[in-house]
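Note sheet for the following structure.
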There are 2 protein chains.
Amino acid sequence: MALAHTILATLGDEAYSGYDLWKKFSQTSAYYWQASQQQIYRELGKLEKEGAIASEIIPQEGRPNKKLYKITEKGIEKLKDWLLEPAEPMAIREELLVKVIAAELVPRSVILQEIKRHRQIHTQQLSVYKEIEQQKFPEQVDQLSFKQKCFYATLRCGLSYESYRIAWCDEAIALLSED
Amino acid sequence: MALAHTILATLGDEAYSGYDLWKKFSQTSAYYWQASQQQIYRELGKLEKEGAIASEIIPQEGRPNKKLYKITEKGIEKLKDWLLEPAEPMAIREELLVKVIAAELVPRSVILQEIKRHRQIHTQQLSVYKEIEQQKFPEQVDQLSFKQKCFYATLRCGLSYESYRIAWCDEAIALLSED
DNA sequence: TTGACATACTCAACAATTTGAGTATACTAT
DNA sequence: ATAGTATACTCAAATTGTTGAGTATGTCAA
């Protein structure tokens, strides 16, 4: 599964503690994979057991010690093997659409309000991504390294995802508001 | 969770057997919720246990008997209650993006090939949705009933999702092909 | 006549995800 | 003073999702 591989990919760059990974996941990585704290800790435990990552306890003053994880040779091999396997596009599972399907059971305003709320959330997220784009990628894209381009591609995916969602919300609101 | 509610919403229109639901899910409903046969049968069992749906065994000649499920009053209430609760946009979990993040570990052609393969799958799915749009909604959209408009809105979501994915694949291929 | 495919469903096991509580320390603002 | 927030992690339980086998019958084409 992909959480393990996302962690391995992240640890490929530098060492992280579980907590650091969680923060990174809730911030920058949110646009390609989402995971809770508990999931990350458990996955780290599994990966260490199988030898794909190794930890070192860093004593800290004034705050709890942290366990810093690094990827091992074995982990890099595991990641490479996975990269060579094909992956299927992920299934769509969107609660809002299920609600739209059943919308006739409640007053029309209920579903319209809900779509508007989602539009608002996506607009918010879009502006977060736009901020990141401006901060991290102000230069010409062809000046970037391959690695940076890869990261930029995922950010562009997040950006266009939010734009598509907003456009759909507008279309649906127009369609379902008519009398 | 939404699978139960998707089933309830579907049974709101007419009675279905588990097998019929599965077929409907793999065909028309694929663009808002996906579920396997086993998930559907298990969920039907749970829903019947809690009294949200009721079944009737239909003896058939020449093929196995089927268990037809209908929604109950209790099920309709359950569905309505759920419709009134807000839902959060679903988390993005896209394996392809994890692969893009880790792409530097393998030859560039590996990830480019994979993106092209995904582009092909999305193009295929887009044409399926376009076919459905032409077959089921050739008329003026404002002529449709509210219920039909709701269904159409979900189809439009599927259509624009596939278009967005194809556009992203093109962007990513262009970005990552440069030297 | 054999094998593929469709109908119709059940059972079991496992993997992944979510939810919530719990432990501990330290900093900061009211 | 104390409440909120951040750091840092663990444990348990329930739900949801995937994988694969198993049971039965009927149709259709090679």
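Order of the sequence lines fixes the chain letters, A, B, ..., with proteins taken first and strands second; residue numbering starts at 1 for each chain.
The six-membered or imidazole ring of Trp22(A) lies away from that of Phe25(A), with a centre-to-centre distance of 6.0 Å or more.
Separating the OH atom of Tyr16(A) from the C1' atom of dA8(D) is a distance of 17 Å, rounded to the nearest angstrom. One interatomic measurement links the two molecules: NZ of Lys24(B) to C1' of dA8(C), which rounds to 19 Å at whole-angstrom precision. Rounded to whole angstrom, the span from the NZ atom of Lys66(A) across to the P atom of dA8(D) amounts to 4 Å. In this structure, CH2 of Trp33(A) is placed 11 Å from C1' of dT17(C), rounded to the nearest angstrom. The interatomic distance linking Phe25(B) (CZ) with dT18(D) (P) rounds to 13 Å, in whole Å. When rounded to the nearest whole Å, the span between NZ of Lys67(B) and P of dA24(D) equals 18 Å. Rounded to an integer number of Å, the gap from Glu48(A) CD to dT10(D) C1' is 15 Å. Counting to the nearest Å, the C1' atom of dC9(D) and the CG atom of Leu44(A) are 11 Å from each other.
Side chains of Glu133(B) and Tyr152(B): a donor-acceptor N/O pair is present below 3.5 angstrom, by distance only.
The phosphate of dC9(D) (OP1 or OP2) has a side-chain N or O of Ser17(A) nearer than 4.0 angstrom. At least one side-chain nitrogen or oxygen of Tyr41(A) sits closer than 4.0 Å to the OP1 or OP2 atom of dC9(D). Arg93(A) has no side-chain polar atom (N or O) that falls below the 4.0 Å cut-off from OP1 or OP2 of dT17(C). The side chain of Lys46(B) contributes no N or O atom lying less than 4.0 Å from OP1 or OP2 of dT15(D). For Gln39(B) and dG17(D), the shortest distance from a side-chain N or O to OP1 or OP2 is below 4.0 Å. Contact annotation: Lys23(B) does not reach the phosphate of dA8(C) (side-chain N/O to OP1 or OP2, under 4.0 Å).
Judged by distance alone, with hydrogens and angles left aside, Arg42(A) brings a side-chain donor or acceptor within reach of the base of dT17(C), the pair sitting under 3.5 Å.
For Ser36(A), whose side chain is taken as the heavy atoms from C-beta onward, the closest listed nucleotide among dT18(D), dA8(D), dT19(C) is dT19(C).
Nearer to the 5' terminus of DNA chain C, by closest-nucleotide assignment, is the contact made by Tyr19(B) (compared with the other of Tyr19(B) and Ala91(B)). Ranked by how close their nearest DNA chain C nucleotide is to the 5' end, Gln37(A) and Gln38(B) are led by Gln38(B).
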Tyr164(B)/Tyr161(A) under ring pair (Phe, Tyr, Trp, His ring centres under 6.0 Å): CA gap, chis, key distance, verdict: CA-CA 7 Å; Tyr164(B) 133 73; Tyr161(A) 176 75; 5.8 Å; yes
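Residues Lys78(A) and Glu50(A) are paired through a salt bridge, judged by an N-O separation under 4.0 Å between the basic side chain and the carboxylate. Taking a cutoff of 4.0 Å between a charged side-chain nitrogen and a carboxylate oxygen, Arg117(A) and Glu114(A) qualify as a salt bridge.
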